Amino acid sequence: TNIITGRLALSSAVFLFPLSPSLSPSLSLVCYTANGEDYRGFQNQTSLHGGKPCLFWNETFQHPYNTLKYPNGEGGLGSHNYCRNPDGDVQPWCYIADHEDGIYWRYCDIPSCQMPGNLGCFKDSGDPPTLSGTSETSNKLTIQNCISFCRKQRYKLAGMESGYACFCGNEVDLRDHGESPSMECNHVCFGDHTQPCGGDGWVIIFDTRVGACGGNYTSPSGVIYSPDFPDKYGAGRVCYWTVQVPGSSSILFNFTFFDISDQTDMVELLDGYTNQVVARFDWRSPPRELVNVTGDFVILYFYSDRTNQAQGFALLYQGKKTPAFSVGVGVTERSNSTSNGRSSQILYVITSSPGKPEHNMPVWTIYALAALLILTVIAMVAKLLLHITDQMSKHSSVVSCCIHVIHCRILMPECLFPAQISFDVIK
């Protein structure tokens with residue numbers, strides 16, 4: 001049976017990460033992982049279909065959770081009525097105005113997120129096991145710990161079960177191990193209570209390419225994560241990813257998550273043909289807009305020093321057949337600065353690749369034309385010299401003939417002209 005296909009791209013597309021506050025709210029997290037403490041979406045009723053409206057957190061002073069008690073945004077609370085999980089419950093919830101049987105809150109019906117590379121939740125009967133490769137157990141298990149363990153063993157899949165068990169393998173037989181709703185695999189990892197690590201008799205399976213330090217991407221679109229993702233990236237990391245989409249006139253990059261610790265750690269986008277840096281990002285200069293690079297070949301570079309590790313980044317890329325935007329310069333800056341000191345938003349637009357001139361004549365053509373011109377001049381000079389030499393030879397013959405005739409006439413009157421040449425010929 002083949003490895004599960006077609007699901008990685010789907011699951012990656014579903015998972016959207018919270019960006020910095022200066023970014024558009026429409027790009028914020030719209031689903032939740034594990035128990036939903038990370039949910040920062042905008043659902044403001046218990047259900048999208050006929051649900052009860054949520055109360056504003058800054059108007060619930062009669063209840064334990066409100067902005068008066070948590071004024072600094074703890075747990076995602078604020079001057080809004082969006083569903084949150086500030087107390088670490090099993091899923092996001094909110095207060096409601098209609099009390100039923102003394103209950104003044106309700107859970108919010110929000111879909112749980114597909115973590116990066118999540119291929120699904122599968123039944124593990126144990127005979128045979130869902131993943132039949134190497135396994136280990138750990139009371140510090142996280143998703144990335146298990147992925148890294150299996151990747152080092154050269155397995156394609158990594159599975160977590162019951163919060164502490166890690167299994168490796170290369171394929172899943174769907175006939176013996178059916179897929180189930182993700183809620184069956186939402187037991188938290190022993191090493192990170194914000195991550196799902198399977199359930200009792202249920203294994204959550206991930207693609208081991210997630211969190212790799214480097215790789216090559218040639219598909220029209222894809223998702224790239226920082227090394228060790230979703231764990232914090234390690235110290236001293238130097239990673240390169242190549243993104244080459246044949247036939248594309250440009251490649252669009254969207255950083256859906258960006259958390260870099262200090263200015264020494266950085267992410268760069270380089271022109272794949274010239275290695276020229278197109279854009280550079282760090283904690284002081286995070287990506288605030290989409291990045292559109294003209295051309296079909298881009299290199300993504302990541303560097304971390306020995307201190308201050310952080311969560312890293314996640315980005316979506318998309319090859320474009322036609323340029324999404326065109327201006328007259330290589331990089332443009334659009335400032336959204338205001339009097340309150342908010343940072344500028346920068347839009348990087350590369351309109352031409354330095355490595356691929358569009359209308360300039362190739363150098364070898366110039367050399368060939370120059371060589372042809374030199375040969376032509378040499379040929380013309382040689383022809384002229386040959387003509388001059390021929391004329392001089394003819395003149396010498398005539399003079400010799402004249403001298404011979406005169407000599408014959410003066411000294412030897414009886415001498416005849418060669419071939420009976422007359423004076424009319426040598427005038």
Side-chain angles (χ1 to χ4, degrees), residues 11 13-21 23-116 118 120-121 142-143 160 162-163 180-200 202 204 230 256-257 259 311:
S11 60
V14 173
F15 193 84
L16 302 178
F17 296 83
L19 292 164
S20 59
L23 289 167
S24 170
S26 63
L27 296 177
S28 295
L29 192 65
V30 295
C31 54
Y32 69 87
T33 59
N35 64 350
E37 288 188 75
D38 61 348
Y39 177 70
R40 296 297 182 268
F42 305 101
Q43 183 167 321
N44 58 3
Q45 57 192 51
T46 56
S47 176
L48 295 178
H49 304 286
K52 296 183 180 297
C54 296
L55 297 179
F56 280 75
W57 296 101
N58 59 337
E59 298 176 356
T60 58
F61 302 123
Q62 72 277 24
H63 300 309
Y65 292 91
N66 53 69
T67 55
L68 184 61
K69 186 176 181 180
Y70 301 96
N72 299 317
E74 295 92 337
L77 303 186
S79 301
H80 58 74
N81 64 336
Y82 305 132
C83 299
R84 295 292 183 261
N85 186 10
D87 60 346
D89 206 336
V90 295
Q91 68 185 79
W93 55 273
C94 71
Y95 293 118
I96 58 174
D98 298 331
H99 289 203
E100 297 179 0
D101 301 327
I103 299 176
Y104 46 85
W105 63 272
R106 286 285 184 274
Y107 287 122
C108 296
D109 184 15
I110 304 171
S112 60
C113 289
Q114 290 283 80
M115 293 286 285
N118 183 357
C121 179
T142 67
I143 293 174
M160 287 122 270
S162 301
S180 72
S182 60
M183 292 296 293
E184 299 288 354
C185 286
N186 270 359
H187 287 202
V188 298
C189 300
F190 280 24
D192 187 341
H193 290 180
T194 67
Q195 297 181 359
C197 274
D200 293 332
W202 299 93
I204 185 170
T256 57
F257 175 81
D259 179 25
Q311 202 67 47

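Keep in mind the model is a prediction, meaning the values are calculated, not measured. Only this structure's heavy atoms are used, side chains among them; waters, hydrogens and symmetry mates stay out.
- Rounding to the nearest 0.5 Å gives a distance of 12.5 Å between OG of Ser47 and CZ of Arg106.
- Residue Cys121 comes nearest to Trp202 through the heavy atom pair SG-CB, 4.0 Å, listed as atom of the first residue, atom of the second, then distance.
- Using the six-membered ring where Trp is involved, Trp105 and Tyr107 have ring planes that are perpendicular, over 60° apart on the 30 and 60° scheme.
- The two atoms that bring Asn85 and Gly88 nearest to each other are OD1-N, 3.3 Å, heavy atoms only.
- Annotation for Tyr95 and Pro64: closest pair OH-CD, 3.3 Å, computed over non-hydrogen atoms.
- Between Ile143 and Cys189 there is a side-chain heavy-atom pair separated by less than 4.5 Å.
- Summarising the geometry, atom CD1 belonging to Ile204 is positioned 11.5 Å from atom NE2 belonging to His187; distances are rounded to the nearest 0.5 Å.
- Trp93 places none of its side-chain heavy atoms less than 4.5 Å from the side chain of Thr46.
- Nearest heavy-atom pair across Thr60 and Phe56 is CG2-O, 3.1 Å.
- Each of Asn44, Asn58, Leu55 was scored for a side chain to side chain contact (heavy atoms under 4.5 Å, CB included) with Asn81, with one residue passing: Asn44.
- From Glu59, atom CD reaches atom OG1 of Thr67 across 9.0 Å, with rounding to the nearest 0.5 Å.
- Contact record, Cys108 with Gln45: SG-O, 4.2 Å, taken as the closest heavy-atom pair.
- Atom CH2 of Trp57 and atom NE2 of His80 lie 8.0 Å apart (nearest 0.5 Å).
- Among residues at least two apart or in separate chains, disulfide (SG to SG under 2.5 Å) pairs with a member in residues 50-81 are Cys54-Cys94.
- In this view, Asn72 satisfies the side-chain hydrogen bond (donor to acceptor under 3.5 Å, both in side chains) rule with no residue, not counting sequence neighbours.
- Taking the six-membered ring where tryptophan is involved, the planes of Tyr82 and Phe42 are perpendicular, since the angle between them exceeds 60° and thus also 30°.
- Residues Cys197 and Phe190 are not in side-chain contact: their nearest non-hydrogen atoms beyond the backbone lie 4.5 Å or more apart.
- Under a 3.5 Å cut-off, the side chain of Arg84 and the backbone N or O of Gly41 do form a donor-acceptor pair.
- Using a 30° and 60° split on the angle between ring planes, Tyr70 and Tyr65 fall in the parallel class, below 30°.
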